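Only one structure is covered here, and it is reproduced in the block below.
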Protein chains: 2
Amino acid sequence: MIAERGLAGLKTRDLAREIGCANGAVYNLVADVDELVLRVGSRTLLRLDKVLSAAVSADNPSPQETLVRIAIAYCDFAAENLELWRAMFEHRMEAGKEVPDWSVHDQLQLFRHIYTPLAALFPDRGAEELGITARSLFSAVHGMVALGLEQRLVAVPLPALRKEIAGLVRAMIDGLIARAA
Amino acid sequence: MIAERGLAGLKTRDLAREIGCANGAVYNLVADVDELVLRVGSRTLLRLDKVLSAAVSADNPSPQETLVRIAIAYCDFAAENLELWRAMFEHRMEAGKEVPDWSVHDQLQLFRHIYTPLAALFPDRGAEELGITARSLFSAVHGMVALGLEQRLVAVPLPALRKEIAGLVRAMIDGLIARAA
DNA sequence: AAAATATATTGAACGATGTTCAAGATCTCT
DNA sequence: AGAGATCTTGAACATCGTTCAATATATTTT
């Protein structure tokens, strides 16, 4: 239902009807909608993980090229799974509640796709520094994808967006290498 | 109320009580909450615009340095106006409704802070190409600020975030110049 | 096989929320 | 002062997520 109608289009009553049970029966499977959304998010992250792995496994590209491919694959996945992907970032917990550990874990899991090639590029750097760099790289790419796929402002065609992202990643890596030298 | 309790903490009844009028009277000032949020957003954007202007007006920095300062100022503004700033990006229109022109205009207005120094850096490029580059730069910085200020995952202290952003902007510009040569 | 216990399902009801609207109050202009 | 326009009120509506006592089903025990 999220994939078809977006996060805002997910209603427990519609969901119950689609499943074929009563309103209240939804709460036998899930504590509340927060958990439901997070569970869907984890499935989406798992599919994303496979896509990212597949994006580099074919040949053995350089760390730089690996990072570029990861970014492009991320962009493509977001475009092809727009609503599911958006739901993960649009969703906010009910006031006061924390994101459960299993969900945080599933999110952090994906950073290894960025962390590993970064570590190969900068063997001298510590784990914490690499972690921050990985987060920065991801955030920047994520921002470009998020606003690029939002039709609200300037509309950018997907091929142009992919090219922009590739340029950004290459520029960031070059910049990091230059400052390391 | 958005600044204090966040976008999700804005309720029309509380608002009416705070203003000192009946529930329904809110709708004499505003068509619906969507408009209310957008109006608040426009005020926030106006304040942001002033901050960005002030960030470069003192001396006369190079275009590169100007872009770095704009990015840092954007980060600082977001940190100091966290809920108001978040509200602008978290808010989604009611299903089927489009963002009104005056709001889109107020949003696009800010791009000149990025566009102008970019145009100085790349005088040969056309308006459309510059527009795309400006959007990319903004998206990348916005992404870093958005995820950086979100405590959910890895917590990054503000000074570290500012340094990361400055590095990203410099790297992107260097990369753009290198490819232009 | 029957009774007893545990579990699952139902759908009406609750509380919160955005929004509407007829009735009443207030203001404005002649 | 009176007529017409405008504003204000607060009850009522529709739509949500969520709860829960009653009912139905499944499992275990005797």
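Per chain, numbering begins at 1; letters A, B, ... match sequence-line order. Since we're looking at a predicted model, the values are computed, not measured. The analysis underlying the following values was restricted to heavy atoms, covering all of them including side chains, and did not include hydrogens, waters or symmetry mates.
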Parallel, tilted or perpendicular: rings of B:Y74 and B:F138 (30°, 60°)
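The arrangement is perpendicular - the two ring planes meet at more than 60°.
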Reading nucleotides 12-17 of chain C from 5' to 3' and marking B where a protein heavy atom lies under 4.0 Å of the base, S where only the sugar-phosphate is that close, and - otherwise, the string is -B---B
Per-nucleotide protein contact string for nucleotides 23-28 of chain C (B base, S sugar-phosphate only, - none; heavy atom under 4.0 Å)
------
Tell me which donor-acceptor pairs under 3.5 Å the side chains of residues 17-38 of chain B have, and how far apart each pair is, sequence neighbours excluded?
| unit_1 | atom_1 | unit_2 | atom_2 | d |
| --- | --- | --- | --- | --- |
| B:R17 | NH2 | B:D14 | OD1 | 3.2 |
| B:D32 | OD1 | B:D34 | N | 3.4 |
| B:D32 | OD1 | B:E35 | N | 3.1 |
| B:D32 | OD2 | B:K97 | NZ | 2.5 |
| B:D34 | OD1 | B:H91 | NE2 | 3.2 |
| B:D34 | OD2 | B:E94 | N | 3.0 |
| B:D34 | OD2 | B:K97 | NZ | 3.2 |
| B:E35 | OE1 | B:A31 | N | 2.9 |
| B:E35 | OE2 | B:R39 | NH1 | 2.4 |

What is the distance, rounded to the nearest whole Å, between atom CZ of A:R17 and atom P of C:dG11?
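Between P of C:dG11 and CZ of A:R17: 13 Å.
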Suppose we screen for side-chain hydrogen bond (donor to acceptor under 3.5 Å, both in side chains). Which residues come up paired with [X], at least two apart in sequence or across chains?
X: A:S42; value: A:D106
X: B:T66; value: none
X: B:E164; value: A:S136
X: B:D59; value: B:R69

My understanding is that only residues two or more places apart in sequence, or in another chain, count here; which of them pass side chain to side chain contact (heavy atoms under 4.5 Å, CB included) with A:A79?
A:L149, A:L158
Taking only heavy atoms on the protein side, list every residue of residues 27-34 of chain B lying under 4.0 Å from any atom of DNA chain D, sorted numerically.
B:N28
Quick one: side chain to side chain donor-acceptor pair (under 3.5 Å) pairs with a partner in residues 121-131 of chain A, sequence neighbours left out?
none
Is the backbone of B:L45 close enough, under 3.5 Å, to the side chain of B:D49 for a donor and an acceptor to pair up by distance?
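No.
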Where the side chain of B:S103 meets the backbone of B:V99, is there a donor-acceptor pair that is under 3.5 Å apart?
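It does not hold such a pair.
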Pairwise distance CG(A:D76) to CG(A:L48) - rounded to 0.5 angstrom:
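Output value for this atom pair is 11.0 Å.
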Bounds of contact between DNA chain D and chain B, in 5' to 3' order, using a heavy-atom cut-off under 4.0 Å:
D:dT8 to D:dA12
Taking salt bridge (Lys or Arg N to Asp or Glu O under 4.0 Å) as the definition, give me every residue that meets it alongside B:D101, ordered by chain and number, with sequence neighbours left out.
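Result, salt bridge (Lys or Arg N to Asp or Glu O under 4.0 Å) vs B:D101: none returned.
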